[in-house]
Amino acid sequence: MTRQAVAVAPAKLNLHLGVGERGPDGYHPLCTVFQAVDLWERVTVTLRDAPGVRINVAGVGAPRVPRDETNLAARAARALARRAGVDVAVDIEIDKTIPVAGGLAGGSADAAATLLACDALWETGLAPDDLREVAAALGADVPFALMGGTALGRGRGETLEPLPVATDVWWVLITSDRGLATPEMFAAWDRAHGRLARGSTGVPGEVDRAGGTAGLSHAGRAGEAGSNVTPRGPAARRQLHPASPAEVGLQRPAHLIEALTRGDLPEVGRLLVNDLQPCALAAAPELGARLSAALAAGALGAVVSGSGPTIAALSASHDAAVRIAATLRSEPLACAATVARAVPGGAHPLLDEA
Ligand code: C5P
């Protein structure tokens with residue numbers, strides 16, 4: 001019997017993140033466009049003799065990752081074992097590339113890779129649908145980490161519809177030393193929802209409905225660096241849909257989906273939206289200057305990913321991404337900027353390394 005299995009899973013960005021009102025389960029319904037990018041978490045699972053789960057973590061942000069039973073990879077192993085009727089006795093080694101608490105779903109990627117590695121080791125024979133169900137119970141972003149590519153996510157993010165993308169997509173990711181806690185960003189959205197619904201904004205960027213803020217894009221055509229920075233996005237939606245703000249948040253982002261299908265990157269850049277962005281900007285005010293700096297450096301659009309604080313800046317090409325990243329890394333900004341490419345797949349086993 002094989003004693004070790006290795007699997008990898010990618011980071012995700014949210015090109016669109018619409019939030020609805022918190023439901024009785026404590027979760028907010030979402031309408032989101034996920035995209036997997038080539039920052040990979042790598043998980044090695046090894047069978048051992050003693051029962052239980054032992055976690056080891058190396059790589060980016062490793063000291064901030066819990067090694068106990070709260071670790072999402074440990075929970076993934078236990079959940080799969082329960083589902084498959086297996087006794088757990090494994091070491092899980094997580095090699096991190098995705099920043100911790102960065103809005104890039106690093107913990108969810110760890111869980112997805114752990115599910116695949118344990119599934120291979122234990123030869124559970126579970127169907128892909130069973131695995132997806134286990135994934136959905138673990139966290140909102142775990143099913144997408146399994147699936148990857150680009151997809152529309154609904155519900156908590158577990159109802160996924162793959163989306164075609166007609167072009168290579170290059171991003172510059174501006175990461176932060178500090179993390180932002182997802183539950184806190186959703187709680188801030190709840191508070192802001194009441195306040196902003198009565199018309200106040202108080203955060204950088206246009207807040208044109210409850211808690212909703214578009215990503216930033218140039219007012220003019222792509223490449224007009226230095227032109228006015230004009231937030232775009234849900235304003236147009238509001239005119240089209242005179243529904244309540246939270247209902248508008250759950251509307252399918254049809255224009256963005258069409259732009260992705262056409263491979264129209266300037267339009268994609270204009271349509272980046274994240275309803276949690278005002279909350280992230282309030283918690284980490286330095287993000288406002290970074291969003292503007294990404295545009296001034298030539299990005300087609302820039303948006304906070306998920307609950308932040310990572311900023312995703314869309315680039316017209318690989319060369320453009322390299323240039324934008326170099327500008328952002330230089331003084332006075334001195335940002336941590338990484339070039340990343342959208343990938344078609346999701347979590348997968350590394351067969352030759354097992
Ligand atoms: O699913 P995940 O573990 O990433 O979510 C962490 C927390 O974020 C949840 O417990 C909940 O408080 C909040 N959340 C939410 N609505 C979502 C996703 C997460 O309120 N759709």
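Both counts, for ligands and for their atoms, begin at 1 and track the order of listing.
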Using a strict 4.0 Å cut-off to heavy atoms of [X], name the atoms of ligand 1 that fall inside it.
X      : result
Gly26  : 20 (O)
Leu30  : 21 (N)
Thr182 : 8 (O)
Ala140 : 1 (O)

Please say whether Arg156 places an N or O atom under 3.5 Å from an N or O atom belonging to ligand 1.
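By distance alone, the answer is no.
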Short N or O distance, Gly139 and ligand 1, threshold 3.5 Å exclusive:
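Gly139 vs ligand 1: no N/O contact under 3.5 Å.
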Does the side chain of Ser317 come under 3.5 Å of the side chain of Asp319 through a donor N or O and an acceptor N or O?
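No.
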Thr124 side chain to Asp119 side chain, donor-acceptor N/O pair below 3.5 angstrom:
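Thr124 vs Asp119: donor-acceptor pair found between side chains.
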Between His28 and Phe186, how do the two ring planes meet: parallel, tilted or perpendicular, split at 30° and 60°?
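Aromatic pair His28/Phe186 classed parallel.
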So Leu260 and Leu15, side-chain contact (heavy atoms from CB on, under 4.5 Å) or not? Walk me through it.
CA-CA 10 Å; Leu260 287 165; Leu15 282 58; 4.0 Å; yes
Determine, considering heavy atoms only, which of Ala111, Ala136, Pro183, Ala105 sits nearest to atom 7 (C) of ligand 1.
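It is Pro183 whose heavy atom sits nearest to atom 7 (C) of ligand 1.
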Pairs flagged by side-chain hydrogen bond (donor to acceptor under 3.5 Å, both in side chains) wherever residues 323-342 is involved - sequence neighbours left out
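For residues 323-342, and leaving out neighbouring residues, the side-chain hydrogen bond (donor to acceptor under 3.5 Å, both in side chains) pairs sorted by first residue read Asp168-Arg341.
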Show your working on salt bridge (Lys or Arg N to Asp or Glu O under 4.0 Å) between Arg262 and Glu267 and close with a plain yes or no.
CA-CA 10 Å; Arg262 288 197 310 273; Glu267 185 68 357; 5.2 Å; no
